[in-house]
Amino acid sequence: LDRVRAERVAVLTEDAAGEIGSLSLVDEDVRLCACVPLNARSGSLGALYAVRSGKRGDRTLARDDLEYLSAFAAEAAVAIENTELSQRAQKEGELRERLARFFPPTALQHVLTSTSDGDAGKGRATRAAILFADIRNYTGLGRRLSSSQLAGVLDRYYSATVPEIFARDGVVEKFIG
């Protein structure tokens with residue numbers, strides 16, 4: 001296993017219990033063992049084993065078996081890596097979607113790249129204007145209008161203001177009320 005990990009190569013041994021030293025291999029009287037790495041672009045993901053016990057007949061593991069297992073391991077490594085990449089992309093997409101409500105595209109891209117390259121929490125000095133906007137008589141509107149009518153008022157307000165804020169690389173910090 002050390003050689004498979006270090007050199008990232010397939011190994012076929014006829015003395016598995018002696019070379020690997022695992023108690024489970026000794027207990028099962030495992031003689032032959034093929035071990036192949038799960039190599040991916042991101043590095044080693046582990047290893048696959050095929051073993052042949054001395055108790056289960058005389059068929060041996062051959063070079064062809066090692067080549068087949070190596071091909072299978074290569075396909076498995078690609079599948080594992082693709083699954084991990086897909087899950088990461090889905091999480092990043094969900095995060096982007098949540099943050100897009102509050103940040104214009106340029107600021108959003110900065111937020112996403114700064115958190116992934118180790119700049120998170122460092123901040124930077126910049127000139128900024130802060131706007132606090134309030135809808136006049138909102139409480140009174142809330143008493144007079146139905147909830148769907150009030151939601152329509154808020155939707156029109158957000159539809160008018162947010163694109164203007166984003167067009168100037170502004171950030172919507174939060175909606176309250």
Side-chain angles (χ1 to χ4, degrees), residues 1-11 22 24 34-50 68-177:
L1 182 58
D2 292 335
R3 181 172 172 216
V4 172
R5 283 183 186 157
E7 299 176 24
R8 298 177 71 174
V9 296
V11 172
S22 168
S24 62
C35 182
V36 297
L38 287 165
N39 292 329
R41 285 178 293 211
S42 60
S44 178
L45 302 176
L48 289 180
Y49 290 91
Y68 176 78
L69 189 60
S70 294
F72 181 80
E75 291 294 322
V78 168
I80 291 167
E81 193 168 49
N82 284 346
T83 300
E84 290 173 347
L85 289 171
S86 176
Q87 289 172 344
R88 187 179 317 132
Q90 182 178 353
K91 286 179 183 178
E92 288 175 3
E94 291 168 359
L95 176 62
R96 178 180 291 275
E97 190 175 299
R98 285 194 309 270
L99 292 176
R101 293 179 46 217
F102 301 102
F103 295 99
T106 54
L108 177 60
Q109 190 59 36
H110 175 73
V111 167
L112 292 173
T113 56
S114 68
T115 57
S116 65
D117 64 14
D119 286 344
K122 292 183 181 176
R124 65 182 171 127
T126 187
R127 294 184 68 191
I130 299 173
L131 169 67
F132 176 80
D134 191 16
I135 299 174
R136 186 180 325 149
N137 196 23
Y138 179 76
T139 303
L141 282 172
R143 289 184 185 137
R144 285 194 317 273
L145 301 176
S146 70
S147 58
S148 62
Q149 289 173 318
L150 188 58
V153 168
L154 291 174
D155 191 42
R156 286 190 303 277
Y157 176 75
Y158 297 149
S159 296
T161 58
V162 171
E164 291 299 320
I165 293 168
F166 283 3
R168 290 157 180 80
D169 290 334
V171 174
V172 176
E173 199 266 332
K174 62 183 157 187
F175 296 111
I176 58 173

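This chain uses plain numbering: 1 for the first residue, then up along the sequence.
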- Do you know which two heavy atoms are closest between A73 and P37, and how far apart they sit? CB-O, 3.6 Å
- Task: Find the distance between OG1 (T139) and CG (L141) and round it off to the nearest 0.5 Å.
- Result: 9.0 Å
- Task: Could you walk me through whether R98 and L95 pass side-chain contact (heavy atoms from CB on, under 4.5 Å), step by step?
- Result: CA-CA 5 Å; R98 285 194 309 270; L95 176 62; 3.7 Å; yes
- Evaluate whether atom OH of Y68 has more than 12 neighbouring non-hydrogen atoms of other residues, nucleotides or ligands under 6.0 angstrom away. no
- Note on the structure: For L38 and A47 the tightest heavy-atom approach is CD1-N, 4.0 Å
- Closest non-hydrogen atom pair between I165 and V171, with its separation: CG2-N, 3.8 Å
- Task: Would you give the length of the straight line joining atom NZ of K91 to atom CZ of R88, rounded to the nearest 0.5 angstrom?
- Result: 9.5 Å
- Task: Write down the atom of R8, the atom of A40, and the distance for their closest heavy-atom approach.
- Result: NH2-O, 3.3 Å
- Item | Electrostatic pair R96-E92, nearest N-O below 4.0 angstrom | no
- Can you check whether N82's main-chain N or O pairs, donor with acceptor, with S86's side chain at less than 3.5 Å? no
- Closest non-hydrogen contact found for L150 with G142 is CD2-CA, 3.8 Å
- Do L108 and F166 touch side chain to side chain, with heavy atoms closer than 4.5 Å? no
- Drop me the distance from L99's CG to Q109's CD, to the nearest 0.5 angstrom. 11.5 Å
- Separation of S42 OG from L85 CG (nearest 0.5 Å): 7.5 Å
- Message: Working note: V172 + R101, criterion side-chain contact (heavy atoms from CB on, under 4.5 Å); need CA distance, chi angles, decisive distance, verdict.
- Response: CA-CA 8 Å; V172 176; R101 293 179 46 217; over 6 Å; no
- Note on the structure: Between L48 and L69, the two heavy atoms sitting closest are O-CD2, 4.2 Å
- Query: Got a second to check how far E84's CD is from L45's CG, nearest 0.5 Å?
  - Reply: 6.0 Å
- Item | Within 6.0 angstrom of E94 CD, more than 12 heavy atoms from elsewhere | yes
